[in-house]
Every structure is written in structure tokens, then in C-alpha cells.
Amino acid sequence: WSFADVGGQYDAGGGDPTTGFASFDMDGIAGGLGIGYTFQNGGLVYGIDADANLVDIGDSFTDGEDDTQSLDINSYYTVRGRLGVAAGNFLVYGTAGVAFSQLDLTVENGDDSLGVATTGLAYGGGVEYAVNDRFSIRGELLRLDFNKGLPAIDDGVLDDLDDGDEEDNLNFGGINVVRAGIVIRF
């Protein structure tokens with residue numbers, strides 16, 4: 001379990017962010033590439049992973065004034081440590097680190113939009129199976145939490161919109177991600 005790796009993953013995820021004027025029920029898919037390095041000391045396995053993902057997760061609705069409002073995630077990235085236990089070809093691990101995301105909020109039928117870059121925590125766990133010395137398959141459950149422990153998107157962020165006022169805010173919260181991937185080991 002000591003190797004450098006590169007791989008690809010497919011994610012499905014969703015979340016329930018809110019604004020001062022709306023709630024969203026986001027869901028969708030993502031796909032990306034990752035790199036990492038893993039070390040083994042006895043049964044203990046530790047390392048670092050980084051990934052970049054193109055995302056199609058979002059939601060829209062029509063409000064009481066017949067205006068369409070939408071919130072979309074365009075991309076997210078993580079850099080995480082891994083710590084786990086190996087048993088033969090299996091590795092069970094926990095993971096934690098930092099997450100970055102780019103959000104687009106569009107209001108009033110597309111008349112106004114705001115791009116927001118946000119940073120938060122990424123944490124979860126996974127299982128990896130070594131098919132052979134060169135390939136592994138991996139499954140993970142991750143939480144990308146953008147309002148916990150790091151600066152949140154807070155009151156006033158929407159004031160740049162034409163109809164922004166003191167009550168407008170975006171509480172992105174985060175998303176839950178189920179991930180499946182294949183890893184090429186070097």
C-alpha cells in the first residue's frame with residue numbers, strides 16, 4: 001500500500017442550501033481526476049489525496065412573483081489526508097482536509113447573477129480494494145461542509161445584486177457526495 005497514484009472518479013451528491021429568500025434542494029453528478037501518495041507502516045496506511053471535479057449539481061424554482069431563481073455548483077476541489085488500516089487487498093480509511101467550490105446564484109429570471117468562491121472542510125471515509133499491483137478501485141462517502149470551522153458565506157454577500165438588501169444571504173452549508181473511482185498505482 002505504498003505508492004503514488006492517479007485516477008478518475010464519478011460522484012453523485014446533493015445538499016440543501018438556503019438564502020434569505022429561498023431554499024434549494026440540490027442534486028446532481030460530478031466527475032474528476034485525482035492524484036495522491038500513500039505510505040504503509042505495518043497495517044497502518046496514511047497519505048494525501050487531491051482532486052478536481054467538474055460538477056452538474058444544482059436546483060432552480062419559480063418564486064411567488066413568477067421569477068426563476070437557481071443555484072449551481074460548477075466545480076469543487078479537495079486536498080485531504082487519509083489514515084486507514086490495511087488487511088490484505090483491502091484498505092478502510094478516514095479522510096479529512098479542505099474543500100474549495102465555485103457557486104453561481106442566478107435570480108430574477110437571469111437578470112442578476114453572482115459567482116461565489118467558497119472554502120470549507122472535506123471529511124468522510126472509504127474503502128479501497130487492490131485489484132493487482134497496478135490498479136485499485138475505491139468507494140468514498142464525503143461531506144463537503146462550507147459552513148463549519150471556516151468563514152461562511154454570510155449576510156451581505158448578495159447585496160451586489162440589483163435587488164440586494166440587508167436580509168439577503170446565502171447559507172450554502174454543503175453537499176454530501178458518494179464517490180466511485182479507479183486508481184492507477186505507480
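Values below: every heavy atom of this structure, side chains too, minus hydrogens, waters and symmetry copies.
Here the OG-CD1 distance, from S101 to I175, works out to 6.5 Å after rounding to the nearest 0.5 Å. The distance from atom OG1 of T38 to atom CH2 of W1, rounded to the nearest 0.5 Å, is 8.0 Å. Between the CG atom of D5 and the CG atom of D49 there is a distance of 6.0 Å, given to the nearest 0.5 Å. Put simply, CG on N176 and CG on D27 are 12.0 Å apart, with the number rounded to the nearest 0.5 Å.
Both tests pass for R82 against the ring of Y93: distance under 6.0 Å to the centre and angle within 45° of the axis.
Between F135 and I137 there is no side-chain heavy-atom pair separated by less than 4.5 Å.
Checked against the 6.0 Å centroid criterion, the rings of F100 and Y77 do not qualify as a close aromatic pair.
Each of L142, I48, V98 was checked for a side chain to side chain contact (heavy atoms under 4.5 Å, CB included) with R80, and the lone residue meeting it is L142. Under the side chain to side chain contact (heavy atoms under 4.5 Å, CB included) rule, Y76 has a single partner from T118, V177, L54, which is V177.
Of the possible polar contacts, none joining the D72 side chain to the N74 backbone as a donor-acceptor pair under 3.5 Å is found.
With sequence neighbours excluded, no residue forms a ring pair (Phe, Tyr, Trp, His ring centres under 6.0 Å) with Y10.
Aromatic ring pairs are classed by plane angle as parallel below 30°, tilted from 30° to 60° and perpendicular above 60°; the pair F90 and Y129 is tilted.
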Anything under 3.5 Å between a donor and an acceptor, one on a side chain of residues 178-186, the other on a protein residue two or more places apart or in another chain? List them.
unit_1 : atom_1 : unit_2 : atom_2 : d
R179   : NE     : D11    : OD1    : 2.8
R179   : NE     : D11    : OD2    : 3.4
R179   : NH1    : D51    : OD2    : 3.1
R179   : NH2    : D11    : OD2    : 2.9
R185   : NH1    : S136   : OG     : 2.7

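Residue D133 places its CG atom among 12 or fewer non-hydrogen atoms of other residues, nucleotides or ligands, all under 6.0 Å distant.
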